[in-house]
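The block underneath contains the structure these notes are about, expressed in structure tokens.
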Amino acid sequence: MSESKEIVRNFIEEIIEEDIRNNKHQGRIHTRFPPEPNGYLHIGHAKSICLNFGLANTYGGKTNLRFDDTNPVTEDVEYVESIKQDIRWLGFDWEDREYYASDYFQQLYEFAIQLIKSGKAYVDDSSAEEISARRGVPTSPGENSPFRNRSVEENLELFEEMRAGKVKEGARVLRAKIDMASPNMHMRDPIMYRILFTPHHRTGNKWCIYPTYDYAHGQSDSIEGITHSICTLEFENHRPLYNWFIENLDIFPSRQIEFARLNLEYTLMSKRKLLQLVNEKLVDGWDDPRMPTLSAFRRRGIPPEALREFATAVGIAKRENIIELSRFENIVRNHLNKKAIRTMAVLDPLKVIVTNYDRGVEWLEVENNPEDPASGKRKIAFSREIYIEQDDFMEIPSDNYYRLSPGKMVRLKAAYIIRCDQFVKDQNGKVTELHCTYVPESRSGQDTSGLKVKSVIHWVDASHSITTEVRLYEQLFTKPDPASFETIHEIINPESLIILSDARLEKDMANAAIGFSYQFMRKGYFCLDNGNHDGKLVFNRTMTLKDSFSK
RNA sequence: UGACCCAUGGUGUAACGGUAGCACUACAGAUUUUGGUUCUGUCUGUUAAGGUUCGAAUCCUUAUGGGUCAACCA
């Protein structure tokens, strides 16, 4: 027997396995993914989704989808729908466990009464400014609110007035009574409820007091019996408070565990800034293929399997990290290379006349995907007039350039070797046409010419091709660390989108379908855009091929 | 002048007191009818100083560096 591959566990898996060994919660594992419906899911969320659902999957547990909808001011149903669609597309299923923090508003309210009754919460009439001023700073203690020692009866009465809508927004809050001198700012009598006369997308006008994150989140976890509540590092300082509520309410002890969020080079993860890109129309919307949102990845042709692999490949740890884009690209290319059907597409056409070709149209056979023999072969037309890529010809070639130039030969993929005899320029000096001769005995697969050429280039037949639009995407930002810049405008990449309207594809590509990936040979991976273009075909570049020929 | 967390090649992540490994990147070579793919090889690492120990990336102390916290956001 060969030795089995060692399984590497991340620190969360180690905690879970320890809990299972100790029979904690009878070995039950239950996680949750808690998005706030105030924006679209991005690749950072994908890491969290894969972690939470993945953990449940490997340990025979369950994962709830719970919308953390405690702030009606910023949240909307539009986001709820997109989030559900994106999680499904990523490949995960929460079955019937679709919950909302707002489902628990009544329960949370009763918990609050319980804390008031036990003298652990009080109503504060201070203004936001006063509260902030009395909270102190991290390096020195705060001071108690003058309203801190109200009687239980008074607190109950006042809180009821808040609930009943008798108090103006901002005039009163409910606070936990903990310790204004705590070195942890979150323990300095944190706010539990604030008054907001904003209708909620689910509860409508039923409530005008809304629980804050700190008060709602842990209790929602507890209500759902979540065993491992996984969140990002910035909530580390909230954990004592998370535990304080659970202990003082004496409810199910969910455990919060923090891990380092995903950071990716050239990518912004801040929902606020992504929203800004959308609002200022710096991109085409949340699903603009340059965005890091899941809907954008879908539109750009990134396979969900690749995203899942990436999410686990980056690892789970507590160390701050910035993943290199090459890591992401490597994984996406691996997936696409295996499954993408090859086709020839000339993005920037240059006409070639094969002057000695007089056999009309000839049909040549070519593999659909050399990586996958099962993908079969197809026939492509070849005739006297074809197109090649502008940059596959250089009038004065550089030393390491081994494509076409005057007097030089290349092979046309799956066809013949041609030699460039002449070129035609327009008045601007741009090369507009090549006159070449082909070598009849060099036909692909039955080459008896004995000629050796350094390069094989792609091409399409002029009369057996279609003209389409092709969109080339590059990084949206010119800096690898866009988050560290104050304004996004200064780092927007002006060439992040290049629209080519005259691309020539093999005629068969008229039948291209959404959801499939194609490799435009030597040019990259592309997919049909899922937007509405009045019947016109538009292709998005998912990713370039790795390019060892640097320009 | 606080609390909490983190520190392993360029990047990310393993090694759970006993040979610092893997992946990506970069570079070099081989193969190739995609300058793709594939294959082979090379370079580069335990933040520092003490301590414990036969033995420390791992445990302890201190220092240094980085992150988070002062919304009625999540």
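Just so it is clear: chains get the letters A, B, ... in the order the sequence lines come, proteins before strands, and each one is counted from 1. Atoms considered below: every heavy atom in the structure, side chains included; atoms not considered: hydrogens, waters and symmetry mates.
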Letter by letter from the 5' end, nucleotides 26-34 of chain B scores (B base, S sugar-phosphate only, - none; protein heavy atoms under 4.0 Å) -------BB

With sequence neighbours left out, what residues match [X] under side-chain contact (heavy atoms from CB on, under 4.5 Å)?
X: A:R272; answer: A:S270
X: A:A121; answer: A:L115, A:I116, A:L174, A:M192
X: A:V453; answer: A:M409, A:R411, A:I417
X: A:N369; answer: A:R342, A:E371, A:D372, A:S375

Close N/O contacts between protein and nucleotides 65-67 of chain B (under 3.5 Å):
residue, atom, partner, partner atom, Å
B:G67, O2', A:E320, OE2, 3.0

Apply side chain to side chain donor-acceptor pair (under 3.5 Å) to A:S465 and list each qualifying residue two or more places apart in sequence or on a separate chain. A:R504

Return the orientation label for the [X] and [Y] ring planes: parallel under 30°, perpendicular over 60°, tilted otherwise.
X: A:F105; Y: A:W207; result: perpendicular
X: A:Y438; Y: A:Y416; result: perpendicular
X: A:Y99; Y: A:Y104; result: tilted

I need the OH-P distance between A:Y402 and B:G36, as an integer number of Å. 8 Å

What's the closest nucleotide to the side chain of [X] if the choices are [options]?
X: A:H238; options: B:A14, B:U25, B:A74; answer: B:A74
X: A:P138; options: B:C24, B:A14, B:C69; answer: B:C69
X: A:N321; options: B:C24, B:G12, B:A74; answer: B:G12

Just list the side-chain donor-acceptor pairs under 3.5 Å for residues 130-142 of chain A, sequence neighbours left out, or say none.
residue, atom, partner, partner atom, Å
A:E130, OE1, A:S127, N, 2.7
A:E130, OE1, A:S127, OG, 3.4
A:R134, NH2, A:S126, OG, 3.4

Any chance CD of A:Q446 has more than 12 other-residue heavy atoms, nucleotides or ligands included, within less than 6.0 Å? yes

Expected output is a numbered-order residue list: members of residues 181-191 of chain A with a heavy atom under 4.0 Å from any atom of RNA chain B. What is it? A:P183, A:M185, A:H186, A:I191

Dot-bracket, RNA chain B: Watson-Crick or G-U, under 3.5 angstrom, [ ] crossing, | other strand? .((((((..((((....[..)))).(((((.......)))))....(((((..]....))))))))))).....

According to a strict under-4.0 Å criterion, is A:S548 in side-chain N/O contact with OP1 or OP2 of B:G36? yes

Enumerate the residue pairs fulfilling side chain to side chain donor-acceptor pair (under 3.5 Å) with a member in residues 161-173 of chain A, sequence neighbours excluded, ordered by first and then second residue. A:E160-A:R163, A:E161-A:R172

Euclidean distance for C1', B:U19 against B:G55 (whole angstrom): 13 Å

Partners meeting ring pair (Phe, Tyr, Trp, His ring centres under 6.0 Å) with A:Y473 (sequence neighbours left out): none

